[in-house]
K.L.:
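Quick one: structure below, then a few questions.
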Amino acid sequence: MIGGVDIVIPTGASPRDAMVVSLRLIKRIWPDVVIEDADSGEKSVIGGTELIPEGMTDVFVYQNMEMAKKWDELGAEPELIDTMIHILVRQDEVTVVVDDPNSKMSRLFLSGMKSALRMNIFAMAGPSQGAAA
Amino acid sequence: MMGMMRQFHYTNEKAYKAISSQLTWLFKASQPPMPRVHPFGAYFTDFPIETPNLAKKLRIPKSKIEYFFAFEDVGDLQSIDGGRGEHIFYSADDYPVEKNRQGLHGNRIEVIAMEEQS
């Protein structure tokens, strides 16, 4: 009754900054990324002038809208492997839930995210309020 | 069960029938699907039956949340690591739930509909 692999990444970034940097990294890999607030079910397409909604701490990140709809319909079926990442941001850590941490997509994303979050790039770059993806 | 902390086990019809046919529910420990990262165990959650996006939060197929068991939480389950550990728990061994701890069980959608009508 549990699927996925939980990768816990320590960070000194604030929860808001940790979410912003995580979504920026994913968007580089998935340009048509769609995010969904895990609790409200509200979906957003991020990018351009769209801002990442404030206060999101538990987010499903889909490769695109087609995959988001398939996840709604099926849940975690094998045909949807590597099409959704679940991000949970907490104080001092970010949990990234993926299907297989050794897949090409996951390794690409996780290596970038671990570097960015451990270095706390926002602390070096200054405040990020209202950051766009 | 009102006011008690509850745990839930979600499953498919076949497993539901096997578990519910016994006086004492026995949730058998097993290895979660590949890759083998989560510990061998019987898995539970405190997410109630009406939780939005339940299958996605547990990262399992929707077919595996069709049925559920609810029971009194006596604080003897372990959390998984990370953010999901706030809501996902496991027992490293088979986990029996005797009659005095058992709560609602059945088809999740049907029970939600019944609760909404009452």
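Atom set for the values below is all heavy atoms of this structure, side chains included, hydrogens, waters and symmetry mates excluded.
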K.L.:
Counting heavy-atom pairs under 4.5 Å to chain B, which of A:V5, A:V96, A:V8 comes out on top?
P.N.:
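Winner by heavy-atom pair count: A:V5.
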
K.L.:
For the hydrophobic clusters of this structure (ILVMFWY residues joined by side-chain heavy atoms under 4.5 Å, transitively), does one cluster hold both A:L117 and A:I26?
P.N.:
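Yes, A:L117 connects to A:I26 through the hydrophobic network.
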
K.L.:
Dump the intermediate steps for side chain to side chain contact (heavy atoms under 4.5 Å, CB included) on A:M84 and A:E36, then the final yes or no.
P.N.:
CA-CA 10 Å; A:M84 187 270 273; A:E36 178 181 19; over 6 Å; no

K.L.:
Tell me, side chain or backbone of A:I2 under 4.5 Å from chain B's heavy atoms, or both, or neither?
P.N.:
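Its backbone and side chain both get close to chain B.
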
K.L.:
B:F40, B:L77: one ILVMFWY side-chain cluster at the under-4.5 Å cut-off?
P.N.:
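B:F40 does not cluster with B:L77.
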
K.L.:
So which part of A:V97 gets closer than 4.5 Å to some heavy atom of chain B, the side chain, the backbone, both or neither?
P.N.:
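The answer is both parts of A:V97.
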
K.L.:
Heavy-atom distances under 4.5 Å only: say whether B:K64 touches chain A with side chain, backbone, both or neither.
P.N.:
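Nothing of B:K64, per the 4.5 Å heavy-atom cut-off to chain A.
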
K.L.:
Side chains of residues 104-111 of chain A: which donor-acceptor pairs under 3.5 Å do they make with residues two or more places apart or in other chains?
P.N.:
from: A:S106; atom 1: OG; to: A:D100; atom 2: O; distance (Å): 3.0
from: A:S106; atom 1: OG; to: A:S103; atom 2: OG; distance (Å): 3.0
from: A:R107; atom 1: NE; to: A:N102; atom 2: O; distance (Å): 2.9
from: A:S111; atom 1: OG; to: A:R107; atom 2: O; distance (Å): 3.0
from: A:S111; atom 1: OG; to: A:L108; atom 2: O; distance (Å): 3.2

K.L.:
Is any side-chain heavy atom of B:L58 less than 4.5 Å from a side-chain heavy atom of B:Y43?
P.N.:
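Counting from C-beta outward, B:L58 and B:Y43 never come under 4.5 Å.
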
K.L.:
So for B:I80, is it side chain, backbone, both, or neither that comes closer than 4.5 Å to the heavy atoms of chain A?
P.N.:
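When you check distances to chain A, only side chain atoms of B:I80 fall under 4.5 Å.
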
K.L.:
Hydrophobic clustering (ILVMFWY, side-chain heavy atoms < 4.5 Å, transitive) - are A:L25 and A:I85 grouped together?
P.N.:
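Shared cluster, yes.
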
K.L.:
What part of B:I88 is in contact with chain A, defined as an atom under 4.5 angstrom from a non-hydrogen atom: side chain, backbone, both or neither?
P.N.:
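Contact with chain A is through the side chain of B:I88 alone.
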
K.L.:
Side-chain donor-acceptor pairs under 3.5 Å in residues 19-28 of chain B, sequence neighbours left out?
P.N.:
from: B:S20; atom 1: OG; to: B:Y16; atom 2: O; distance (Å): 2.7
from: B:S21; atom 1: OG; to: B:K17; atom 2: O; distance (Å): 3.4
from: B:S21; atom 1: OG; to: B:A18; atom 2: O; distance (Å): 2.8

K.L.:
Heavy-atom count check: over 12 atoms from other residues, nucleotides or ligands less than 6.0 Å from B:E50 CD?
P.N.:
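Correct, the count exceeds 12.
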
K.L.:
Out of B:F89, B:F71, B:Y90, B:Y10, which one pairs with B:F44 under the ring pair (Phe, Tyr, Trp, His ring centres under 6.0 Å) rule?
P.N.:
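Only match with B:F44 under ring pair (Phe, Tyr, Trp, His ring centres under 6.0 Å): B:F71.
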
K.L.:
Could you list which of residues 75-83 of chain A have a heavy atom closer than 4.5 Å to any heavy atom of chain B, in residue-number order?
P.N.:
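Checking residues 75-83 of chain A against chain B gives A:G75, A:A76, A:E77.
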
K.L.:
With a 4.5 angstrom heavy-atom cut-off, is it the side chain or the backbone of A:E73 that approaches chain B, or both, or neither?
P.N.:
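When you check distances to chain B, only backbone atoms of A:E73 fall under 4.5 Å.
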
K.L.:
What residue in A:L74, A:I87, A:T95, A:D6 has the most heavy-atom pairs under 4.5 Å with chain B?
P.N.:
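Highest number of heavy-atom pairs under 4.5 Å: A:D6.
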
K.L.:
Out of curiosity, A:S14 OG to A:Q91 CD, how far, rounded to the nearest 0.5 Å?
P.N.:
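Output value for this atom pair is 8.0 Å.
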
K.L.:
For the side chain of B:R108 and the backbone of B:I49, is there at least one donor-acceptor N/O pair under 3.5 Å apart?
P.N.:
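Such a contact is found between B:R108 side chain and B:I49 backbone.
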
K.L.:
Can you tell me how far apart CD (B:E66) and CD1 (B:I109) are? Round to the nearest 0.5 Å.
P.N.:
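Between B:E66 CD and B:I109 CD1, I get 8.5 Å after rounding to 0.5 Å.
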
K.L.:
B:F47 versus chain A, heavy atoms under 4.5 Å apart: side chain, backbone, both or neither?
P.N.:
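It is neither, since no heavy atom gets under 4.5 Å.
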
K.L.:
Given B:Q7 and B:V97, is the side chain to side chain contact (heavy atoms under 4.5 Å, CB included) satisfied, shown in steps?
P.N.:
CA-CA 11 Å; B:Q7 288 287 340; B:V97 174; over 6 Å; no

K.L.:
Which residues, numbered in order, of residues 57-70 of chain A come under 4.5 angstrom of chain B by heavy-atom distance?
P.N.:
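The residues closer than 4.5 Å to chain B, in numerical order, are A:F60, A:Y62.
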
K.L.:
Given the rule in the salt bridge (charged side-chain N to carboxylate O under 4.0 Å, His left out) test, do A:D72 and B:K56 qualify, once you have shown the distances and angles that lead to the verdict?
P.N.:
CA-CA 8 Å; A:D72 284 345; B:K56 295 179 199 171; 2.5 Å; yes

K.L.:
B:T45 versus chain A, heavy atoms under 4.5 Å apart: side chain, backbone, both or neither?
P.N.:
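For B:T45, backbone and side chain are both near chain A.
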
